[in-house]
Every structure is written in structure tokens, then in C-alpha cells.
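For this chain, numbers begin at 1 and follow the sequence in order.
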Amino acid sequence: MELTAFAWTNSISPTFHFPQNFTSTRRCRGVRIWCVNGNIDIVDSKKADEMTVSITGATGFIGKRLVQKLHADNHRVRVLTRSRSKAQTIFPAKDFPGIVIAEESEWRDCIRGSAAVVNLAGLPISTRWSAEIKKEIKESRIRVTSKVVNLINNAQVELRPRVLISATAVGYYGSSETQVFDEHSPSGRDYLAEVCREWEATALKVNGNIRVALIRIGVVLGKDGGALAKMIPLFNVFAGGPLGSGKQWFSWIHVDDLVNLIYEALSNPSYKGVINGTAPNPVRLSEMCDHLGSVLGRPSWLPVPDIALKAVLGEGACVVLEGQKVLPTRAKELGFPFKYPYVKDALKAIIS
């Protein structure tokens, strides 16, 4: 008699299917059983779950946290950068063994063979705008996205990534104190909306067989970067308060939730198309400042007038003086579990 059939019911324990008339004996000649060691199977399964991910903008506020999470979970990370020295400072080899740091001339080889590419690169917009800066803000996003897309499209089919996750922003919707925006809302007509439209259109030029997720990111809250890094010092010297009228909507997200959203999109095929990267409960900016003052133990009574912001940021002041109420409808439909749905809880976690 010869036994040749078996099946796995899970990654640990094999279940053997014996013929009905098979009886176990102490010695059974002619019986041939292929047995796979359980420990080896666990290792092989773990390796199958590992991804190779190439990331632009990896040295930025969001990118750093994403790299840390992927590395901690034993995924292979390729940092696509324009400054190897800067990336090596942020990701020293002793703390991040195995991470590949690649300058632009090496991006092609990194992208080929990656399971996914995450595109987060772009010049920060929270600065004083001039005609030259506005041009650079747009071109920094379009140029890098176009390069990534071309490298993917020009790769051999079997070496192309399966997914492209490309950042965009809630600036796509324009600003309003009364409207509510979700992923189906039309684009606005201002400068930032124009930047986002072109940014997204460039990402969508990738080969049609690649799954694309466009994450429209709101104001990202975290201790070591983003909006809070500029607001906390003001509150600490008792100079914090609403910016402008305080009535503008503040569509925010905790950096951990945003990183987890991107992380989930890497492997979950349901995450495709436009997904708003915002928390489910946007607030008016005055409420946000009240919560921040409360958490810091500082007053939030001194408003920063429009004219002061415009003196510092010029046209760029519109980023904070105008706002939009953006809901993460698609993320909620997908069942994404927000760890911080309320801004007060997010601020407590960040400041503690």
C-alpha cells in the first residue's frame, strides 16, 4: 500500500488523509509518507508574508514612521532618497540593519523586484509662498511621481510592483466653512487643488495592472513634526490660540493612524482608488486649539490675527486660514480601525 495524499489545514499542523481501510501497524512496508517539519513551515510562511517596499519621502515626518513600522515587522525596506548622507543619519545601519538606501541613479534597481512602492515625496507647503516656491511645490511632487511611474512602467512585467500608494492631500477639495467633502466630492479651484489634481493624474499613469491607492492626507498630528511641532512652542510661551477666525474646519489625523492606513493598503487588495487620510471627526480650529491648550495646561485665548499670518506666510497662509471638513468615508467602509478618532485623545497620546 502507498500513501501519497496529505493536506495542510493551517501553517502549523498537517492533516493526513488516509484511505478508509488503512490500519496502523508497528511496521508498515511500502508506506511512503512525506512529512514537512512544522518549524520550517512556520518560517516559510513568515517569509511569504514579508514584503519588499520602496519608499520616496522616507526621511520625512510620515515616511520615517512608516519605515520604522515596516522594519520592525521584518519587511525589506528600500529608501529612495536624493541625499544618501541624510538618510544614513536618520536610518543608521546599527539601528536599521538590512535597509537599502538608494540615490536617484539607483531607484530603478530598487523599484524592480519590490512588491510595493510608497510615494510620499514633496516640498513642504507650510512656508512663505512666492511664484518660485509655488512652482517648486508643484514640480517637486510631479517630478518624483512621474519618475516613479516611469520606472514601474518600464520594468519587466514580472519585476513590477503589485501596488503603488501615492500621497496626495485634502487640498484637492478646496476650502469651505459649510461644505462636507468625501472621496466623491469634486475638486476645488484654487492653487492647492490644482497641485493635487496634477499630482494624482501623474500617479494614475502607472500601468493598469498595478493597484493604485491615492491617500488624500489631512493635517497630520505627531510630536516630532507636522503642524504640532510649530504650534506647541507658541502654547508653551502662552502665545497659543486660534489662527484667524478659528471657525475654519481642521481635518486632521494622528500620524500612527495614517501610517497604519498606508501599511494596510500595502497588502489589502480592497484598498484602491482615492482614500481620505483623515480622522472621522474633524473639528473647528478653535476647538482644536482649546484641546491643545487644555492638554498642555496653557491658555488658548490669544488668537493669531490673519494679518500676522499673512505677514509671515504670505499667500501660504491660506493653508491655515482656510479649511475643509473632510470625512474618511472610504476608510470606514473598508473597516479601517482608527486608534484615535477624536482629537482630544490624539493630543493626549502625543503630548504625554
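Classification of R82 and E103 as a salt-bridged pair fails, no side-chain N sitting under 4.0 Å from a carboxylate O. Checked for salt-bridge contact, E104 and R143 meet the test: a charged N lies under 4.0 Å from a carboxylate O. Using a 4.0 Å cut-off between charged nitrogen and carboxylate oxygen, E287 and K344 do not count as a salt-bridge pair.
Rounding to the nearest 0.5 angstrom, the gap separating the CG atom in D109 from the CZ atom in R78 is 9.0 Å. If you take CD1 on I165 and CG on L120, they are separated by 9.0 Å, rounding to the nearest 0.5 Å. Summarising the geometry, atom CG belonging to L80 is positioned 9.0 Å from atom CG belonging to N119; distances are rounded to the nearest 0.5 Å. Considering CG of L151 and SG of C110, their distance stands at 10.0 Å, rounded to 0.5 Å. Annotation: the span from K138 atom NZ to L192 atom CG amounts to 10.5 Å, rounded to 0.5 Å. Annotation: the span from K135 atom NZ to L123 atom CG amounts to 14.0 Å, rounded to 0.5 Å.
Taking both residues in full, the closest heavy atoms of V170 and T278 are given as CG1-CG2, 3.7 Å, listed atom of the first, atom of the second, then distance. Of all the heavy atoms in R160 and N207, the pair that sits closest is NH1-ND2, 3.1 Å. Pairing each heavy atom of V255 with each of G222, the nearest pair is CG1-CA, 4.1 Å. N276 approaches E183 most closely through the heavy-atom pair N-OE2, 2.9 Å. Across all non-hydrogen atoms, the minimal contact from T52 to G113 is CB-O, 4.3 Å. Considering every non-hydrogen atom in both A58 and V79, the closest pair reads CB-CG1, 3.7 Å.
Checked against V53 for a side chain to side chain contact (heavy atoms under 4.5 Å, CB included), the options L266, L66, I262 give a single hit: L266.
Dense packing is recorded around CD of E158, with more than 12 heavy atoms of other residues, nucleotides or ligands lying under 6.0 Å away. Within 6.0 Å of atom CZ in R112, more than 12 heavy atoms from other residues, nucleotides or ligands are found, so the atom counts as buried in its surroundings. The 12-atom threshold is exceeded at CZ of F61, counting heavy atoms of other residues, nucleotides or ligands nearer than 6.0 Å.
Between the side chains of S54 and S114, at least one donor N or O lies within less than 3.5 Å of an accepting N or O. No side-chain donor from either of Y342 and H254 sits under 3.5 Å from a side-chain acceptor of the other. Between the side chains of S176 and Q324, no donor-acceptor pair of N or O atoms lies under 3.5 Å.
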Apply side-chain contact (heavy atoms from CB on, under 4.5 Å) to I142 and V195, showing your working. CA-CA 9 Å; I142 305 304; V195 171; 5.9 Å; no
Do T168 and I217 pass the side-chain contact (heavy atoms from CB on, under 4.5 Å) test, and can you show the C-alpha distance, the side-chain angles, and the key distance before you say yes or no? CA-CA 6 Å; T168 172; I217 301 173; over 6 Å; no
Please test I351 against L296 for side-chain contact (heavy atoms from CB on, under 4.5 Å), starting from the C-alpha separation and ending with a verdict. CA-CA 7 Å; I351 303 302; L296 290 171; 3.7 Å; yes
Could you check D224 against R65 for side-chain contact (heavy atoms from CB on, under 4.5 Å), going step by step and ending with a plain yes or no? CA-CA 10 Å; D224 53 352; R65 299 291 285 265; 3.9 Å; yes
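When side chains are defined from C-beta on, R211 counts as touching Y271, because their heavy atoms get closer than 4.5 Å. Looking at I210 and V117, their side chains never come closer than 4.5 Å, going by heavy atoms from C-beta outward. With contacts defined as side-chain heavy-atom distances shorter than 4.5 Å, the pair N268/L334 does not qualify. I350 is listed as a side-chain neighbour of L221, based on a closest heavy-atom distance under 4.5 Å. K332 has its side chain within reach of P280: a pair of non-hydrogen atoms, C-beta onward, lies under 4.5 Å apart. Inter-residue side-chain proximity for I101 and I99 is flagged as met; some heavy-atom pair is nearer than 4.5 Å. By the 4.5 Å heavy-atom criterion applied to side chains, R330 and E333 are counted as neighbours. In this structure the side chain of L214 reaches within 4.5 angstrom of the side chain of L204, judged on heavy atoms.
Here the two rings, on F336 and F338, have centers that are under 6.0 Å apart. Here the two rings, on Y172 and W199, have centers that are 6.0 Å apart or farther.
Proximity of a side-chain donor or acceptor of D73 to a complementary backbone N or O of H75 within less than 3.5 Å is not detected. Remark: side-chain polar atoms of W249 are paired, donor with acceptor, to backbone N or O of E177 under 3.5 angstrom. Under a 3.5 Å cut-off, the side chain of R216 and the backbone N or O of Y173 do not form any donor-acceptor pair. Distance alone, capped at 3.5 Å, places no donor-acceptor pair between the T81 side chain and the R84 backbone.
L258 and V77 fall within a single hydrophobic cluster, where Ile, Leu, Val, Met, Phe, Trp and Tyr are joined by side-chain heavy atoms under 4.5 Å apart, directly or via other members. Under the 4.5 Å side-chain heavy-atom criterion for Ile, Leu, Val, Met, Phe, Trp and Tyr, I215 and V206 are members of distinct hydrophobic clusters. Hydrophobic clustering places V295 together with L285 (ILVMFWY residues linked when any side-chain heavy atoms are closer than 4.5 Å, directly or through intermediates). Transitive grouping of hydrophobic side chains (ILVMFWY, heavy atoms separated by less than 4.5 Å) keeps V326 and V219 in distinct clusters.
Annotation: cation-pi pair K325/F181 absent, no NZ/CZ under 6.0 Å from the ring centroid and within 45° of its normal.
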